[in-house]
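In what follows, a single structure is set out as C-alpha cells and then discussed.
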Amino acid sequence: MPKCTMVEALNLALDEALGNDQQVCLMGQDIGVNGGVFRVTKDLQTKYGADRVMDTPLAECGIIGTAVGMAIYGMKPIAEIQFSGFTMQAFDQIEQNMARYRNRTQGRFNIDMVMRAPYGGGIRAVEHHSESREAYWVHTPGLKVVIPSGPRNARALLAASIADPGPVIFYEPKAIYRAFREDVPDSPETMELGKANIAQSGDDITIISYGAMMRPAREAVEDLTELHSINAELIDLLTISPIDTETLLQSVTKTGRCIIVHEGHQTCGVGAEIAARLAEGGAFEYLVAPLKRLTAPDIPHPYFQVEQHFLPDPDDIIGAARELMEWT
Amino acid sequence: MPKCTMVEALNLALDEALGNDQQVCLMGQDIGVNGGVFRVTKDLQTKYGADRVMDTPLAECGIIGTAVGMAIYGMKPIAEIQFSGFTMQAFDQIEQNMARYRNRTQGRFNIDMVMRAPYGGGIRAVEHHSESREAYWVHTPGLKVVIPSGPRNARALLAASIADPGPVIFYEPKAIYRAFREDVPDSPETMELGKANIAQSGDDITIISYGAMMRPAREAVEDLTELHSINAELIDLLTISPIDTETLLQSVTKTGRCIIVHEGHQTCGVGAEIAARLAEGGAFEYLVAPLKRLTAPDIPHPYFQVEQHFLPDPDDIIGAARELMEWT
Amino acid sequence: MSGLEPDKPIEASCDPMQASPPLPASGFNTRAIDLGRIECLQILDEHGDIEEGLQPDIEDNELLRVHRAMLLSRAFDSRMLAMQRQGQMGTFAPNLGQEACMIGQVWPLGDEDWFSPSYRAFGAQIWRGWSMERLMTLWAGYHDGFPPPDDVKDLPFSIVIGSHVLPATGIAMAMRRAKDPHCMVVNFGDGAFSQGAITEAMNFAAVDQAPIVFVCENNGWAISTPLDKQAGNEVLAARGAGYGVHSIRVDGNDILAMMTAMKEACDRARRGEGPTLIEAITFRMSLHTTADDPTVYRDESLVEPWHNRCPIRRFELWLTRTNRLTTQDCDRIREECEQEVLDARAYFRKNATAKPREIFDHIYDTITPELESQRMDYLRRLDRKGVE
Amino acid sequence: MSGLEPDKPIEASCDPMQASPPLPASGFNTRAIDLGRIECLQILDEHGDIEEGLQPDIEDNELLRVHRAMLLSRAFDSRMLAMQRQGQMGTFAPNLGQEACMIGQVWPLGDEDWFSPSYRAFGAQIWRGWSMERLMTLWAGYHDGFPPPDDVKDLPFSIVIGSHVLPATGIAMAMRRAKDPHCMVVNFGDGAFSQGAITEAMNFAAVDQAPIVFVCENNGWAISTPLDKQAGNEVLAARGAGYGVHSIRVDGNDILAMMTAMKEACDRARRGEGPTLIEAITFRMSLHTTADDPTVYRDESLVEPWHNRCPIRRFELWLTRTNRLTTQDCDRIREECEQEVLDARAYFRKNATAKPREIFDHIYDTITPELESQRMDYLRRLDRKGVE
Ligand SMILES: Cc1ncc(C[n+]2csc(CCOP(=O)(O)OP(=O)(O)O)c2C)c(N)n1
Ligand SMILES: Cc1ncc(C[n+]2csc(CCOP(=O)(O)OP(=O)(O)O)c2C)c(N)n1
Ligand SMILES: [Mg+2]
Ligand SMILES: [Mg+2]
C-alpha cells in the first residue's frame, strides 16, 4: 500500500468495514456523491449504494438519533458530523441515547455505532469549525473516545472503533488530515482500544499528548534530547476514554515529572483528569516536580488571523520541560 | 424574615429581581400558573403577569435560544429548565450563543441572562432527573456556574447571578430544596461571585465541596473533630466557574492535604480540575499526601431503588481523611 | 491558487445582459398550492352510535380483546395510583381516559412490528407483552423493570420527552433497508411535539419513506400547559402535512376509529408507502403524574365534558347494545382485570429486588479498567454499610 | 400519604357506566380540516414583463436604490471570489443569482427594525449599513469584522446553520413585550430548515404572536444536498402553515415580488398580527463556498436555466423597457459599484490588523482571575515569538 494521508487511511478503513460487514453503513451531510467535505468518504457511495452511504438532511440531532435507532435494529452506523462544533446540536441524542441505551436496557440493546467528526484548529476556518471539546464526551458515562495521531493509527483505530460493540466517538484531528503521509499495511490493521502508545521512551520527564498536538510534542522531544540532553518519554494517548492510566502511572513513577499537552480547553479538560489521576494515584510519591498542563486557554478558538499562536508549540513544551527539570 | 427553605429563598430572590428591574423576566415550562414543578416560581405570574413570567412550549432549545434573543434586546431573562438533565436539549444554544455571543460581537451584545435548573440526585426520581453535569458548563468558555448550598446563600447568589452582566448557569441542589430552613435577612442580600466560603476553619486537612454534598461534608467535618481529633478546613465553592483558586491554594498550602467531594461524575469533573490546579500550582510543594476525590462514579445516576448508596457519604469522607492523615 | 490577475474579478457566470432569448419556460409556478385537507375520523360517537357505513370489519373476538385491554389498563391505572399514595410506588403517570388511544395504536401490530412508547403508555405496553409486574418494578424504581422483555420488539418508554422519536425513526429506516415488511409505531404527546427533534424525525422519515406511524396523543395538556400555549396551530396534524407525512386526525376516545386509522397507517407503512402522522384527540382526565396537582392550574369544568366522552363507556354502550357483551360481562371482566392486577402486585411485592451491586454491570460490554476500580470503591462502600 | 385502605384502588373518576345522558355536544368535529393554500407570488417574469395589475406602488428612486444594491452585491461577490483565489481572503460563500432575495428582504426595514442574516447575505448586510471593508475584514478572518456596526440593529451572521433563528425570535418576543412597533427579519436556507430548532422558533413565534418574518431562501441546495434529499415535502412554506405561521411562496428571483411580499409581511408583524414565513424560490448558481467544487455533485445542466432567470437581468429588462434606466446607466452603475468595491478593498488592505493580544478581552465583562492568568501565559508566548 503506498503512503497515505490520514484522509486516505480513514477512507480505506471505512471501505474495508463496508466491504466486510453488510450491517455497516455510513450517514452524514454531503458524504455521498460529494464524498464528504474533506473527502473522507470519497467514492464509497458509488461502491456501496445510497442506502448504505446516506446523505442525510441538515440536522445533526436527526443524524445521531436515527443512527441510534439503526444500531438498535442491528445495523452498525458510522455517523459523520461535518465539524465537531456541530455535535452540540446532537448533544441530547449522544448523551441520552447513544451513551445510555445499553445501560437503560441492561444490555438488551447495544448501541454499536461510531460518531466520527473532524475536530481541532489549524485550518484557518471560521468560528465553530475549530472546536476541541472531546472532554464533554470523556465526562459522559457510556462512551469511548478515540483520537488518532497519524494515518496508520487512524486506520487501525477506526477499524477498532467500528469493531467495538459499544458507542465510540472518533475525533479526527483535521489539522493533520493531509499534513503527512505514512505507510499503511496492505491488509486490514486494527489496534486495541484503551491502550496508549509510548511514542518515544525516556527517563527524565513524561510528556502526554494526543491528536494533532503529537506533532509539536514530537518536535519538542527531539529538541530536548538533542539540544538540552533531556530524555523525555512521549506518550500518545490514542484512546481518550477510557484513559490508559496504567501506562501513564508507570511512566511518571519512572520520570517523576509530567507535562500534558492538548488542544482542548484547560478547565475540566483531559489534562485535568490526567493530572488528578497522577496526583491521587500511585504516582504521587514519585513526583519530584509539579505537574504541568499546556492546553488551549478557556476561551473560544480565536478567529483565524490570530489562531497561529493560540495553541501550545514546541517551545512551550521545551520551556516547561526545562523548568520542571530544574524544579527542586 | 422567618426561616426559609431553599425553594422559598429562591422564590424571594426572583420576586425581588422582578420587582426591582422591569427588564427581568422569567421563562420556562410550567413556571406560570403552576408556579414551577418545584414551586420555585410560585405566585410570580399572578404578581408580574404572563408576559414577564412566561410559560413556554415544551422545548428547551427554544427556551434558551429565545432567552438569548431577549437578552440581546436588553431584557434580563431568567430561564428555568425543569430538570438539569434536559439542558442537553439546549446544549447548542448554550454553548454556541449564550456562552459566546459576547465574544463574537466583541461586547456589543452582552448576554445578561441566567439559566436556572434543579440538579443532582436524592429525590427518588426516574432516569434523567438526577444529573449532576455542571462540569460541561465549567468546561465551556464564556459561562459562569454557581451552586448554592443553603437557603440563605441561594437567595444571595441568585441575586448576584442576576446582577452579573454575563450568562450564568445557576444549578439548584434539589435534594436540599426543602431539607432545612435558614434565617434569611429582611432586605435583599447579595454575594460576590467567584468567592468560595470557608465554612469551617481547620489546619489538618482541606475538604472542598459544594451544593448538596456540603451536608455530608459538614457532618464528616464535625465527626472528624469530635471523634478523631482531626481539624478539617471545609470550603464551600459556591461559584464553580470561575473557581476561587486563591482560597483553595491558601488552604491547602496550610493543611497539605485535600479531599474534593462532589456529586458530578469523576472523570473530567470539577474535582479533576481542582486537583490539577493544586498539583501544578503553588500548592504542590506543600502537599504531604496524595489528593483525593470522592465523587459519583462514571456511570449514569442509578435507578432510585439503589441510589441511596451511590454518592459519597460522611463515612467515605471520614475514611479518606483518616487515611490521608496517616499517609507518609 | 488560480493564475488570475490580481485585479480581474472572477467572471460572474450569470451576466444579466448577455443571456439571450428564447427563454425557457418559467421556473416559478404562480398557481397557489393547495395544502389539502386533514381528514377527521370518528366511527363511534359519544352516544355509542356508529357512523353510517363506517363500521369496520373487525372480528368480535378482536373487539373483546381490545375491550378487555382497556379495562385492564384502567384497573392497573387506579391500582398504581393507590400504591403510589400508599408509598409503595414511585411517581406514576396515569392514563385515565386515554385507553382507546393507547390500545388502538398497538392493536394492529404483530410480534415483528416495533413500538416505541412515551411514558404514559402502560396499557399499550401490557398489550405488547410487558407483564404488569415488570411495569410495577419499573415505576417502583428498580432497573430490572426497564428493559423490554426479550421477545418484545419495543423500546423502553421515553423519559426525556420526545427523545425517542428519532431512534424510532432510525429503526424504521433500518427496516426499510433490511426489506423487513413490518412497521414501527411511535407515540408522543402534544407537549412533546414542540421538540424540534420530532420534526427532524418526521422529515427524515419522509425523505427516507420509512415504515413508521407517528402517533401524537393530543390530550390537551403538558403538565400545566394547555394546548393554546403549546402550539401556534392547534391542528397538530397539519405539521405532518408540512413535512410530507400523510396526516390525519382521529377521535382518540373512539376505539373503533383508532383501530381503523392505525391499521390503515400500519399497512401503508408495510407496503412501503411511507410514514403517517395520526393526531389522536383525547384528554388527560387525571393528574399529570402523582407529583402533580392539576387543581392549581386547571378548572374542573374543563374536565367535566370528558366524562361522557370516556372511551370505555362509549365502547361498552355499543358492545352491549349490539349484544356483543352484557353489562354483567363487563362487570365480570372488570373484576377479572382487578384480580389480574392484584396478582401482579403480589408477584411484584415478592420478587422486586434492588440490586445495588449491579449498577456498573451494563455500561459497557466489557467493563473498562477505570470503571472497574470505581466499582471496587463502590462495593467497599456497600460492604461497609452492610448492603447486600 | 393519604389514608386510603391498602387494597382499595383510587376511584377512577371516569366510571364508564355511571355517566348519564343527556350528553353534551360532541367533542370531536368530524369535518375535514382544510389546510388552505400557499399563495405564490411573482410580479416580474423572466421576460421582464409585469403581471397584469400587480405592479407595486414603489417610488422610482427606491427601485433604483435596490437595483444598485443588487449590482453592488454582485460586484462584491466576484471581487471576493477573486481575492479568495489569490489567497487574500478566507473561505467565502458567494451569492450569485440570489440578489433579489437578499436585497428584497431587507428593503422594507428601517433603522429600528432588526435583521438576522445567514452567512450568505452580504448584499443585505451592505444594504443594512455594514461597510464592505468590514465584511472583507470578517471573511478574511479578523475578529473586528464580525460585530455589527454600532448603529446597525443586526445580529452577526450565523455560522452554525440555523442557530440564529431562535435568538432572532427571542428579540421579536422582547419587541412585542416592549411595545416596540418594529419587526425582525431572519433568513435561513432550505438546508437550515431541516434543523428542529427552526420549527421550535416558528412555534414560539406563533404562540407569542411575535413580530418576525422568517425568510427561507430555498436555493435548491445545501452544499451537495439537493432539495429532494433534504425535505420530504418540497413546499417548505407548508411547514409554516403547520405551525400557525402565515406562509407564502415568492419568486425569489423577482425583486418586485420580494419587495412586495416582504413589505406586507413586515407590516403585518409591526401591526401585531404575528409572524410570517416567506419561502423564496431561488437557486445557488455558484459554488457553495470557495472550499466547494459543485462539479463533483451536480450537473451543469441544472444550473443552465437559471441564467435566464437571473434577478438582475430581469429587473434591468424592465427598468430599461420602462425608461427608468438606460443600458448605459446600467453599465455606468456597474462600473461605479466595481470602483466602490475596489475602494473598500484598498481600505481593507490598509487597515485590517490582526490583534492577537486582544483575544481574551471580550469573553467576560470583567476578566476572571483564572482567565487573567491564562492570558499572561499566552502573552508571554507572544512576547517570546516577538508577536505584537
Ligand atoms: C425534555 C424534557 N423536558 C421536560 C420534561 C418534563 N416533563 C415530563 S412530562 C412533561 C409534559 C409532557 O406533555 P405531553 O408531551 O403532552 O405528554 P402528556 O404528559 O400529556 O402525556 C414534561 C414537561 C421531560 N421529561 N423531558
Ligand atoms: C449546524 C451546522 N451543520 C453543518 C454545517 C456545515 N454547513 C455549512 S453551510 C451548509 C449548507 C447550508 O445549506 P442552506 O441552509 O440551504 O444554505 P445555503 O448554503 O444554500 O445558502 C452546511 C451543511 C454548519 N455550518 N452548521
Ligand atoms: Mg399532553
Ligand atoms: Mg440552500
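Letters A, B, ... mirror the listed sequences (proteins, then strands); counts begin at 1.
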- Item | Flag side-chain contact, heavy atom, 4.5 Å: Q89(B) against Q93(A) | no
- Message: Any non-hydrogen side-chain atom of L287(B) less than 4.5 Å from a side-chain atom of F284(A)?
- Response: yes
- Identify which of A90(A), P141(A), A275(A) forms the greatest number of heavy-atom pairs closer than 4.5 Å to chain B. P141(A)
- Query: Ignoring hydrogens and geometry, is there a side-chain-to-backbone donor-acceptor pair from H265(B) to H139(A) under 3.5 Å?
  - Reply: no
- Message: Treating Q96(A) as the side-chain partner and M88(B) as the backbone partner, does any N or O pair qualify as donor plus acceptor under 3.5 Å?
- Response: no
Can you tell me how far apart [atom1] ([X]) and [atom2] ([Y]) are? Round to the nearest 0.5 Å.
X: T87(B); Y: E95(A); atom1: OG1; atom2: CD; result: 8.5 Å
X: E285(A); Y: W327(B); atom1: CD; atom2: CH2; result: 4.5 Å
X: T267(B); Y: I240(A); atom1: OG1; atom2: CD1; result: 12.5 Å

- Item | Toward chain A, the part of E60(B) with a non-hydrogen atom under 4.5 Å | neither
- Item | CA sep, side-chain torsions, deciding dist, call: Q266(B), R277(A), side-chain contact (heavy atoms from CB on, under 4.5 Å) | CA-CA 10 Å; Q266(B) 181 155 106; R277(A) 291 191 189 186; 6.0 Å; no
- Over 12 foreign heavy atoms within 6.0 Å of CZ, R108(A): yes
- Counting a contact as any heavy-atom pair under 4.5 Å apart, which residues of residues 288-299 of chain A contact chain B? V288(A), A289(A), P290(A), L291(A), K292(A), R293(A), D298(A), I299(A)
- Query: Between R100(B) and E131(A), does a salt bridge (Lys or Arg N to Asp or Glu O under 4.0 Å) hold up when you go through it step by step?
  - Reply: CA-CA 13 Å; R100(B) 291 168 80 141; E131(A) 271 59 25; 2.7 Å; yes
- Item | Closest non-hydrogen atom pair between C268(A) and V138(B), with its separation | SG-CG1, 3.8 Å
- Test item: side-chain donor near acceptor, T140(A) and R133(B), under 3.5 Å: no
